[in-house]
Amino acid sequence: MAPRDLSKPRHPLSSAAAVLAESVDDAAFATTLAKGLVVLEAFKAGSTLLGNMELSALTGIPRPTVARLTHTLAELGYLRYDAERAKYRVAARALRIAHPLLAGMQFRQMARPMMQELALSVRGTVSIGLLDATSMIYVETARSGDVGPHAPDIGMPIPVVMTAMGRAAAATLPPADADRLERNIGAEDPELWSAFRDKYRAGIAQCKSRGFCTCWGEYMASIHAVAAPLFHASESKQSFSINCGIPAFRLQPGQLEGEIGPRIAALADSIRAIVGQAESAPPRKTKKITSAGK
């Protein structure tokens with residue numbers, strides 16, 4: 001088996017399990033390491049405490065292999081064993097992996113006061129997301145008090161194709177990357193892509209013409225959202241967007257598009273100015289929006 005040709009970049013797949021399945025013929029691929037990461041990725045919200053049998057069922061990895069992997073991960077500090085329940089949970093050391101990534105996004109801290117101001121003003125959430133394969137990962141968030149059933153948190157993933165945040169991030173991509181993303185979404189879940197393809201493409205077009213796009217409860221019925229592209233970092237190849245989600249019952253007719261959309265686009269402009277990425281924004285005409293949205 002020959003190693004994969006590294007001169008041909010591969011768009012990241014949505015999970016370690018997907019990469020593992022695709023890399024069976026890659027002699028340079030560290031299968032044991034990949035299986036360990038597959039086990040770590042099995043721990044999600046709602047599945048925070050898992051035993052070896054459950055992990056084997058979730059990952060498709062034989063139970064004896066899972067047992068060796070969980071023992072090793074616990075010894076390294078990435079998992080913690082609960083002897084009373086005979087199950088594992090993610091341990092504190094896992095946070096160390098995320099910190100270097102988040103530390104490289106210093107614009108988050110500078111943007112947060114402005115995000116908090118908007119969140120309080122509209123009684124919703126304002127979040128920055130990072131494109132990761134076919135998902136968006138929250139990397140910063142601000143919210144008012146009660147924001148309904150969806151409370152974003154750092155590290156939480158949401159689908160690209162169904163969300164305003166995902167469509168806005170896709171709008172920052174170079175054409176070749178945008179085409180590759182569409183192919184990956186379609187390959188990963190053909191039914192989902194068929195159901196949302198037109199709305200996904202319309203959202204990208206909205207971003208390029210108006211500076212923001214809307215999502216009317218497509219991901220979560222009780223939450224309506226707007227999102228604006230931030231930038232595609234040329235060096236790190238990272239794509240960011242910013243959204244504002246509001247419980248549907250709080251919105252007045254026309255408010256999402258007429259007031260909040262322009263305000264999230266103006267906030268995106270301000271953040272790009274902070275990080276010197278104004279030239280990466282989709283071209284459009286804007287008018288100054290005050291903090292009150294007047």
Would you check, one step at a time, whether the test side chain to side chain contact (heavy atoms under 4.5 Å, CB included) holds for T214 with H224?
CA-CA 8 Å; T214 55; H224 293 176; over 6 Å; no
Please walk me through it: do V126 and R263 pass side chain to side chain contact (heavy atoms under 4.5 Å, CB included)?
CA-CA 11 Å; V126 177; R263 291 181 71 181; over 6 Å; no
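Within 6.0 Å of CE in M110 there are more than 12 heavy atoms belonging to other residues, nucleotides or ligands.
Sorted by first and then second residue, the salt bridge (Lys or Arg N to Asp or Glu O under 4.0 Å) pairs involving residues 28-37 (not counting sequence neighbours) form an empty list. Legend: salt bridge (Lys or Arg N to Asp or Glu O under 4.0 Å) pairs involving residues 213-236, not counting sequence neighbours, sorted by first then second residue: R167-E218. Screening residues 155-176 for ring-ring contact (aromatic ring centres under 6.0 Å, His included) gives no qualifying pairs among residues at least two apart or on separate chains. The ring-ring contact (aromatic ring centres under 6.0 Å, His included) analysis of residues 34-86, with sequence neighbours excluded, yields the pairs Y81-Y88. Residue pairs meeting the side-chain hydrogen bond (donor to acceptor under 3.5 Å, both in side chains) criterion with at least one member in residues 191-201, sequence neighbours excluded, are E182-R201. Here ring-ring contact (aromatic ring centres under 6.0 Å, His included) pairs that include residues 103-125, with residues two or more places apart or in two chains, are F107-F231, F107-F240. Sorted by first and then second residue, the pairs that involve residues 92-116 and meet salt bridge (Lys or Arg N to Asp or Glu O under 4.0 Å), not counting sequence neighbours, are R108-E140, R112-E140.
By the side chain to side chain contact (heavy atoms under 4.5 Å, CB included) test, T141 pairs with S127, R143, P152, sequence neighbours left out. Listed by chain and residue number, L50, K87 satisfy the side chain to side chain contact (heavy atoms under 4.5 Å, CB included) test with E54 (two or more places apart in sequence, or in another chain). Here T70 pairs with N52 under the side-chain hydrogen bond (donor to acceptor under 3.5 Å, both in side chains) rule; sequence neighbours left out. S270 is linked by a side chain to side chain contact (heavy atoms under 4.5 Å, CB included) to M114, counting only residues two or more places apart in sequence or in another chain. A187 meets the side chain to side chain contact (heavy atoms under 4.5 Å, CB included) test with no other residue; sequence neighbours excluded.
Linking ILVMFWY side-chain heavy atoms closer than 4.5 Å, directly or via other members, places I274 and V139 in a single hydrophobic cluster. One hydrophobic cluster, built from ILVMFWY side chains closer than 4.5 Å, holds both L69 and L76. The hydrophobic cluster containing L120 does not contain I271, counting ILVMFWY residues as joined when their side-chain heavy atoms lie under 4.5 angstrom apart, directly or transitively. No single ILVMFWY cluster, assembled from side-chain heavy atoms under 4.5 Å apart, contains both I223 and F249. Hydrophobic clustering of Ile, Leu, Val, Met, Phe, Trp and Tyr side chains at less than 4.5 Å, counting indirect connections, unites L37 with V39.
By the 4.5 Å heavy-atom criterion applied to side chains, M115 and I128 are counted as neighbours. Between L130 and M105, some side-chain heavy-atom pair lies under the 4.5 Å cut-off. The closest side-chain heavy-atom distance from I264 to N243 is not below 4.5 Å. In this structure, the side chains of L40 and L79 come closer than 4.5 Å at one or more pairs of heavy atoms. Between L102 and I154, some side-chain heavy-atom pair lies under the 4.5 Å cut-off. For the pair E41 and V38, the minimum side-chain heavy-atom distance is 4.5 Å or more. I260 places a side-chain heavy atom less than 4.5 Å from the side chain of Q255.
Here the OG1-CG distance, from T134 to L192, works out to 9.0 Å after rounding to the nearest 0.5 Å. A distance of 10.0 Å separates CD1 of I242 from CZ of R272, quoted to the nearest 0.5 Å. The CD atom of E257 lies 5.0 Å from the CZ atom of R210; values are rounded to the nearest 0.5 Å. Distance check, rounded to the nearest 0.5 Å: CZ of R180 to CD1 of I185 gives 13.0 Å. Rounded to the nearest 0.5 Å, atoms OG1 (T163) and CE (M220) are 11.5 Å apart. Rounded to the nearest 0.5 angstrom, L131 CG and M136 CE are separated by 5.5 Å.
Checked by atom type and distance alone, the side chain of S121 never pairs as donor or acceptor with a backbone atom of E117 at under 3.5 Å. Using a distance-only test at 3.5 Å, with no hydrogens or angles considered, a donor-acceptor pair links the side chain of S56 to the main chain of I61. Side-chain atoms of R250 come within 3.5 Å of backbone atoms of R123 as a donor-acceptor pair (strictly under, hydrogens ignored).
In this structure, A169 and S239 approach most closely via the heavy-atom pair O-CB, 4.1 Å. Minimum heavy-atom separation, R85 to L49: CD-CD2, 3.1 Å. Across Q106 and Q109, no two heavy atoms sit closer than the pair O-OE1, 3.0 Å. Shortest non-hydrogen contact noted between V122 and C244 is CG2-SG, 3.7 Å. Here the closest heavy-atom approach between residue A42 and residue T59 is recorded as CB-CG2, 4.1 Å. The nearest pair of heavy atoms linking A91 to G77 is CB-O, 3.2 Å.
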